[in-house]
Amino acid sequence: MDSDPHLHNRMQHALSGEFAIQCVASITEAKELLMASPPDILISEVVVGQESGLELCGYIHNTSSLQHIPIMLLTSRATLQDKIAGFRAGTDDYVVKPFDIHHLIARIRILIRIKRLERRTTV
């Protein structure tokens with residue numbers, strides 16, 4: 001999730017061969033989509049327009065039906081304080097832009113695999 005339509009197009013193009021992608025431009029849209037059709041992973045910007053991706057992290061971790069979803073923050077905010085805030089909010093990974101698409105795909109696969117393993121051990 002990102003409010004930048006150029007990034008949406010880039011992500012769609014880069015990841016569509018590997019994954020089914022759904023892009024939204026607001027936290028409200030993201031929450032609606034999460035409840036209607038929970039994804040295998042959520043990728044969000046830290047700042048989405050006037051909204052906070054960190055708030056979305058908290059929402060996911062406080063919603064029992066969504067807690068299994070891995071969260072990746074993909075952002076241009078690169079300070080140590082930004083990263084710490086992201087992890088405190090509940091993100092599972094923090095990727096700073098610009099990024100290499102092959103590296104991003106590898107990290108997405110790892111997050112999905114970790115969450116699947118966690119679900120198997122807690123069931």
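Numbers here simply count residues along the sequence, with the first being 1. Remember, predicted model here, so these are calculated numbers, not experimental data.
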Counting only N and O atoms by type, is there a donor-acceptor contact under 3.5 Å from the side chain of Q67 to the main-chain atoms of H61? yes

Check whether T91 reaches the backbone of F87 with its side chain - one donor and one acceptor, N or O, closer than 3.5 Å. no

Hey, quick one: are L104 and I114 part of the same hydrophobic cluster, counting side-chain heavy atoms closer than 4.5 Å, chains of contacts allowed? no

Is K83 close to L73 at the side-chain level, that is, under 4.5 Å between some pair of heavy atoms? no

Let me know which of I41, I112, I43 forms a side chain to side chain contact (heavy atoms under 4.5 Å, CB included) with F19. I112

For C23 and Q12, work out which heavy atoms get closest and say how close. SG-OE1, 3.4 Å

Check for me, please, whether I110 and I105 land in the same ILVMFWY cluster - side-chain distances under 4.5 Å, paths through other members count. no

What's the verdict on salt bridge (Lys or Arg N to Asp or Glu O under 4.0 Å) for D92 and K115, showing C-alpha distance, side-chain angles and the deciding distance? CA-CA 10 Å; D92 297 293; K115 285 295 184 170; 3.6 Å; yes

CD of E32 to CD of E29: how many Å apart, nearest 0.5 Å? 7.0 Å

Walk me through whether V96 and R77 qualify under side chain to side chain contact (heavy atoms under 4.5 Å, CB included). CA-CA 7 Å; V96 176; R77 295 185 168 218; over 6 Å; no

Given the rule that I, L, V, M, F, W and Y join up when any side-chain heavy atoms are under 4.5 Å apart, are I84 and L56 in one cluster? no

Side chains of I108 and L111, heavy atoms from C-beta outward: is any pair under 4.5 Å? no

Salt bridge (Lys or Arg N to Asp or Glu O under 4.0 Å) between K97 and E45, worked out: CA-CA 10 Å; K97 298 176 194 174; E45 172 62 82; 2.7 Å; yes

Taking D93 for the side chain and M72 for the main chain, is one N or O donor matched with an acceptor at less than 3.5 Å? no

Find the distance between CZ (R113) and CD (E118) and round it off to the nearest 0.5 Å. 13.0 Å

Identify which one of V24, T63, I60 satisfies the side chain to side chain contact (heavy atoms under 4.5 Å, CB included) criterion when paired with L34. I60

To the nearest 0.5 Å, tell me how far S44 OG sits from E51 CD. 9.5 Å

Taking NE2 in H13 as the centre, count heavy atoms belonging to other residues, nucleotides or ligands within less than 6.0 Å. Is the count above 12? no

Side-chain heavy atoms of V95 within contact of T75, under 4.5 Å: no

S52 (side chain) donor-acceptor with V47 (main chain) under 3.5 angstrom: no

Shortest non-hydrogen contact from A89 to C57? O-CB, 3.2 Å

Do the non-hydrogen side-chain atoms of V46 and Y94 ever get within less than 4.5 Å of each other? yes

Is any side-chain heavy atom of R88 less than 4.5 Å from a side-chain heavy atom of L54? no

T28 versus K31: any side-chain heavy-atom pair under 4.5 Å? no

I'd like to check I69 versus P38 (side-chain heavy atoms, cut-off strictly below 4.5 Å). Are they in contact? yes

Under 3.5 Å, side chain of S37 to main-chain N/O of L33, donor-acceptor pair present? no

